[in-house]
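Have a look at the structure below before the remarks.
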Amino acid sequence: MNQLFFGDNLEVLQKHIADESVDLVYLDPPFNSKRDYNVIFKERTGALAASQITAFEDSWHWTEDAELTFNALKTSAYSDIAVLIEQFQKVLGKHNDVTAYLVMMTPRLIELRRVLKPTGSLYLHCDPTVSHYLKMILDAIFGAKNFRNEIIWQRTNVHSDSKTWSKVSDTIFFYTESDRFAWNAIYTPHSDEYLKSKYRHADPDGRVYRLDNMTSPNPRPNMMYEWKGHASPPAGWRYSKETMAKLEAEGRIWYPDSKSKRPQLKRYLDEMQGTLTGNVWTDILPINSQAEERMGYATQKPEPLLERIIKASSNEGDVVLDPFCGCGTAVAVAHGLKRKWIGIDITHLAIGLIKFRLKGLGAEEDKDYEVIGEPKDAASASSLAESKKLKDKYQFQYWAVSKIGGFPMGGENKKGSDQGMDGYIPFLDGPKNSVQRAIIQVKSGANIGVSEIRDLIGVVQREKAAMGFYICNAKPTKDMLEEAAHGGVFESESWGKFPRIQIRTVEQLFAGKNFEFPKQAVTGLKAAPKAEKGKQEEML
């Protein structure tokens, strides 16, 4: 079964992912290159927050965890990489965000190589802030001979206010475990300019073609013969007499108006796959504000980008792993292309977003995939709510929203006022299938009261929402239940009447007492790419 893990990816890789079990790894580890370089390279010592990733806060810091990881690396089988990082520290400074990032990434990359099959591939997505340092570490782990490509993706247009060369590209490093790896060449449609310049001829039936040279590039004495009155080229023909006769019979040879000129081969446009894709990608647009696949996730990558990578370096039934899966683009695309997948993220915000996204693709939890690391009962949910180990105080909220199939609100909304909304559930209602929303509020503490229900009613009215759902970890008071009952009803044109304001405890949710609302959900996400039929694995 496909697997979605909540937790630190290093721990998940070490405990749950077997050796040589993955065909393709794609990772987009966050690093905040938008900060001032003086800040990135500033010495950071002392008891700071632990070196881990949190959604929308792409930062790594040199802390006790980084120091312990570095010391462990020195005594490992990859101690030579520790020497390499020590040299980086001499140049960049010992205790800063860049060196912390490299130290914390190294054991993860080592684990990712361990889980790759001998025919597997890895794509690491980064930007120029640390790409050159990562390249050297990847060379040390995978071997320089297994570096295949540096892909440049133009992720945005030129910024008119840039004071230097406008920063418009990301880097994607492509490595393999060996020289025998899965590869399916990717072609893109020919440009209009190419078609106009090359495909300038047509048969009487309108079939378009271009002309190609039929002479041999190297001397071939056995191919030196006269053909239809045309003398042999100096090095001979590219094809034998038998092949030339076959091409002649098929009408694939173009003859010039003079015997002093040479015949040429007709290459028909309708038989061409397109232009073979190179390592500079300018044809994949970034996520814009109107994109159907947009999840509101700051570092979200477009589906066509992952579709290209997954199609090129895997086949149906292969296992795709994304250890920093964020809002789940790699997971969603892999699912649509009939690959098996493993996703890992350290925030319940990401897990909730991915579950929401998979729901829109028709994937059901516990049927099409399993979630590992989430609370499985009220006691473990309470532990999550009370945990001081988690650095993000909103983890319980993110989990609770995803528990009822909602869309979590996070990131920038959480940096300031959330305006009384921890999430929402969109649904369709009425003959015209208009989109309605149920606002979700989550309270993890024991100190709850009737004022919070009144606030929820106000938010529902302000947002012009259909309903309001309140999730709490403690038992609601009698006043809270009465206030919710006074909230009125939402009358669905298609599904009947529902209480407008509803309260559920976590214990009730685990017992199966869910919120009541029209169960005709919407996702706002377009369909994932479809798998190609008949595609066979090719090995180099």
Side-chain angles (χ1 to χ4, degrees), residues 348-349 351-352 355-356 374-390 392-410 413-414 416-427 429 436-492 495-519 521:
H348 281 293
L349 170 63
I351 301 300
K355 290 166 67 174
F356 183 88
E374 280 195 325
K376 298 299 183 183
D377 51 38
S380 56
S382 294
S383 297
L384 173 64
E386 298 165 3
S387 175
K388 296 180 181 179
K389 181 178 179 181
L390 291 167
D392 191 335
K393 64 180 180 180
Y394 300 105
Q395 293 300 323
F396 179 81
Q397 292 180 7
Y398 297 146
W399 166 79
V401 170
S402 70
K403 172 68 178 173
I404 63 172
F407 192 97
M409 305 283 285
N413 288 327
K414 287 299 182 186
S417 172
D418 61 13
Q419 299 183 343
M421 297 183 291
D422 297 319
Y424 65 92
I425 294 180
F427 59 90
D429 188 55
Q436 302 283 352
R437 286 196 306 167
I439 301 298
I440 305 170
Q441 280 190 0
V442 181
K443 301 297 178 183
S444 60
N447 187 22
I448 58 177
V450 68
S451 62
E452 292 169 346
I453 304 302
R454 292 172 184 155
D455 290 342
L456 175 59
I457 293 173
V459 172
V460 170
Q461 292 172 345
R462 184 194 71 216
E463 297 295 321
K464 296 182 174 57
M467 310 174 74
F469 297 159
Y470 183 90
I471 302 174
C472 50
N473 206 33
K475 185 177 180 180
T477 66
K478 180 181 177 181
D479 289 345
M480 293 172 68
L481 296 172
E482 290 178 351
E483 189 69 24
H486 293 154
V489 297
F490 168 69
E491 190 166 351
S492 166
W495 303 86
K497 296 181 179 180
F498 300 88
R500 186 175 296 276
I501 305 299
Q502 300 177 35
I503 302 174
R504 297 288 187 274
T505 64
V506 170
E507 189 172 1
Q508 287 176 318
L509 294 177
F510 276 112
K513 187 176 180 181
N514 296 318
F515 291 98
E516 301 171 21
F517 65 98
K519 298 296 195 303

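Numbers for residues simply follow the sequence, beginning at 1.
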Residues pairing under side-chain hydrogen bond (donor to acceptor under 3.5 Å, both in side chains) where one sits in residues 469-481, two or more places apart or in two chains, turn out to be S382-N473, E452-Y470

Sort and list the pairs that fulfil ring-ring contact (aromatic ring centres under 6.0 Å, His included) and have at least one residue in residues 441-467, not counting sequence neighbours.
-> none

Inter- and intrachain pairs under ring-ring contact (aromatic ring centres under 6.0 Å, His included), touching residues 439-461, at least two apart = none

Test side-chain hydrogen bond (donor to acceptor under 3.5 Å, both in side chains) applied to [X] - qualifying residues, sequence neighbours left out:
X    : result
E483 : none
S451 : none
R437 : E463
D455 : none

Can you tell me how far apart [atom1] ([X]) and [atom2] ([Y]) are? Round to the nearest 0.5 Å.
X    : Y    : atom1 : atom2 : result
Q397 : M421 : CD    : CE    : 12.5 Å
E374 : Q395 : CD    : CD    : 10.5 Å
I439 : I457 : CD1   : CD1   : 13.5 Å
I448 : T505 : CD1   : OG1   : 9.5 Å
L456 : Q461 : CG    : CD    : 10.0 Å

Can you see which heavy atom on [X] is nearest to which on [Y], and at what distance?
X    : Y    : answer
I440 : G406 : CD1-CA, 4.1 Å
G352 : S402 : CA-CB, 3.3 Å
I453 : A484 : CG2-N, 3.8 Å
V506 : A381 : CG1-CB, 3.6 Å
F510 : A378 : CD1-N, 3.4 Å
P518 : D429 : CG-OD1, 4.5 Å

Partner residues of F469 under the ring pair (Phe, Tyr, Trp, His ring centres under 6.0 Å) criterion, sequence neighbours left out = F515, F517

Steps toward side chain to side chain contact (heavy atoms under 4.5 Å, CB included) verdict (I471, K403) = CA-CA 10 Å; I471 302 174; K403 172 68 178 173; over 6 Å; no

Write out all pairs satisfying salt bridge (charged side-chain N to carboxylate O under 4.0 Å, His left out) with one or both partners inside residues 501-511, taking only residues at least two apart or from two chains.
-> R504-E516

Can you name the residues that form a side-chain contact (heavy atoms from CB on, under 4.5 Å) with A466, not counting sequence neighbours?
-> F427, Q436, F490

Residues in side-chain contact (heavy atoms from CB on, under 4.5 Å) contact with D377, at least two apart in sequence or another chain = A379, S380

Sub-4.5 Å side-chain heavy-atom contact between D422 and F396 | no

Do the side chains of S444 and W399 get nearer than 4.5 Å, heavy atoms only?
-> no

